[in-house]
Amino acid sequence: RTVKQLRPLASVIGINISARQLRHCRDSVPGCDFALMDAANLALPSGTIDCAVSVEAAFHFRTRAGFLREAFRVLRPGGRLALSDILFRDTCWLGDLMVPRENTLATPDAYAGLLHQAGFRDVVLVDATARCWTAFCRVRLDTISEQWSNGLIDRHAFAAQTSYFTNLME
C-alpha cells in the first residue's frame, strides 16, 4: 500500500543530497514527493512541517547541529523530530567525508545538549548503542575471525578489519 492509501491527507517529502539516491526513492516509494536539498540548509518555509524523521543520517550532515537547527525551524509549534543517530567520540580514522569532525559527540547527554541548543524541549533520548551498534560490530568481528580461521582473508585484511570494527565500538 502507498502512503496516500494509508494516510490520504498526508503529504510526505523525502530529501537527500544525492540525486542518484532520490531516483531510487522515487522508484521505490510511490505516493511521496522527493527533493534534492541539504538537510542542514532546508529549502522549506519555517513552521510548515508536522514531523521530521532522520534515520542514521545526521552524523553525515555538515553539520549535525545545523540540521537540528533547521529541523527545529521548519517544524510547526508542537511538531516532532524523530531520529536515530550514531555518536562518534573520534572520527579521524573514518575520514571527514564520512563523518565530519564537527559531528563528534561522546555521550547521549552531549547530544541532548545539542538538541536543546537547537531549540528542542521535552527531549527523550534512548541509548540503543549496546543493542544495535555494539552488537553489529561484535557480529562483524566474529565474521572476520571466522574468515581468518577459514583462510578466506590474509593477516593484513584481518588486522585492518579487526582494528576498524574495534574502533567503531569505542
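Position 1 is the first residue of the sequence, and the numbers go up from there.
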Check: Given the rule in the side-chain contact (heavy atoms from CB on, under 4.5 Å) test, do Asp127 and Leu87 qualify, once you have shown the distances and angles that lead to the verdict?
Finding: CA-CA 10 Å; Asp127 185 354; Leu87 303 184; over 6 Å; no
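- Counting only residues at least two apart or in different chains, salt bridge (charged side-chain N to carboxylate O under 4.0 Å, His left out) contacts with residues 66-81 comprise Asp50-Arg76, Glu70-Arg73.
- Closest non-hydrogen pair, Leu125 versus Ala112, comes out as CD1-CB, 3.5 Å.
- Nearest heavy-atom pair across Phe67 and Ala39 is CD1-O, 3.5 Å.
- The line from CZ of Phe34 to CD1 of Ile13 is 9.0 Å long, rounded to the nearest 0.5 Å.
- A donor-acceptor distance shorter than 3.5 angstrom exists from the side chain of Ser84 to the backbone of Glu56, with no hydrogens or angles considered.
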Would you be so kind as to tabulate the donor-acceptor pairs closer than 3.5 Å made by side chains of residues 133-143, with sequence neighbours excluded?
residue	atom	partner	partner atom	Å
Trp133	NE1	Leu168	O	2.8
Thr134	OG1	Thr129	O	3.4
Thr143	OG1	Val139	O	3.0

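- Residues Phe158 and Leu152 fall into different hydrophobic clusters, defined by Ile, Leu, Val, Met, Phe, Trp and Tyr side chains chained together at heavy-atom separations under 4.5 Å.
- Between the side chain of Thr104 and the backbone N or O of Arg101, at least one donor-acceptor pair lies under 3.5 Å.
- Interatomic distance, Asp122 CG to Leu115 CG, rounded to the nearest 0.5 Å: 12.0 Å.
- Once rounded to the nearest 0.5 Å, the distance linking CD of Gln117 with CZ of Phe72 reads 13.0 Å.
- Hydrophobic clustering, with ILVMFWY side chains joined whenever heavy atoms are under 4.5 angstrom apart, groups Leu42 together with Phe120.
- One hydrophobic cluster, built from ILVMFWY side chains closer than 4.5 Å, cannot hold both Val12 and Leu83; they sit in different ones.
- Judged purely by atom type and a 3.5 angstrom limit, Asp154 uses its side chain to pair as donor or acceptor with the backbone of His156.
- Without hydrogens or angle criteria, Asn103 side chain to Phe61 main chain gives a donor-acceptor distance under 3.5 Å.
- When all heavy atoms of Tyr111 and Leu105 are compared, the pair lying nearest together is CD1-CD1, 3.5 Å.
- Residues Leu114 and Ala65 share a closest heavy-atom pair of CD1-CB, 3.9 Å.
- A distance-only check finds no donor-acceptor pair linking the side chain of Ser163 to the backbone of Ala159 [under 3.5 Å].
- Atom-to-atom distance recorded for Ser145:OG and Ile153:CD1 is 8.0 Å, nearest 0.5 angstrom.
- Summarising the geometry, atom CG belonging to Leu81 is positioned 12.0 Å from atom CD1 belonging to Ile49; distances are rounded to the nearest 0.5 Å.
- For the pair Gly14 and Leu22, the tightest heavy-atom approach, listed with the atom from each and the gap, is O-CD2, 4.2 Å.
- His116 NE2: more than 12 foreign heavy atoms inside a 6.0 Å radius.
- Both Leu68 and Val123 belong to a common hydrophobic cluster when Ile, Leu, Val, Met, Phe, Trp and Tyr are linked at side-chain heavy-atom distances under 4.5 angstrom.
- Taking CZ of Arg23 as the start and OG of Ser18 as the end, the distance is 7.5 Å to the nearest 0.5 Å.
- With sequence neighbours left out, Asn16 forms a side-chain hydrogen bond (donor to acceptor under 3.5 Å, both in side chains) with Gln21.
- Between the side chain of Arg62 and the backbone N or O of Pro100, no donor-acceptor pair lies under 3.5 Å.
- Linking ILVMFWY residues whenever their side-chain heavy atoms come closer than 4.5 Å, directly or via other members, leaves Val29 and Ile17 in distinct clusters.
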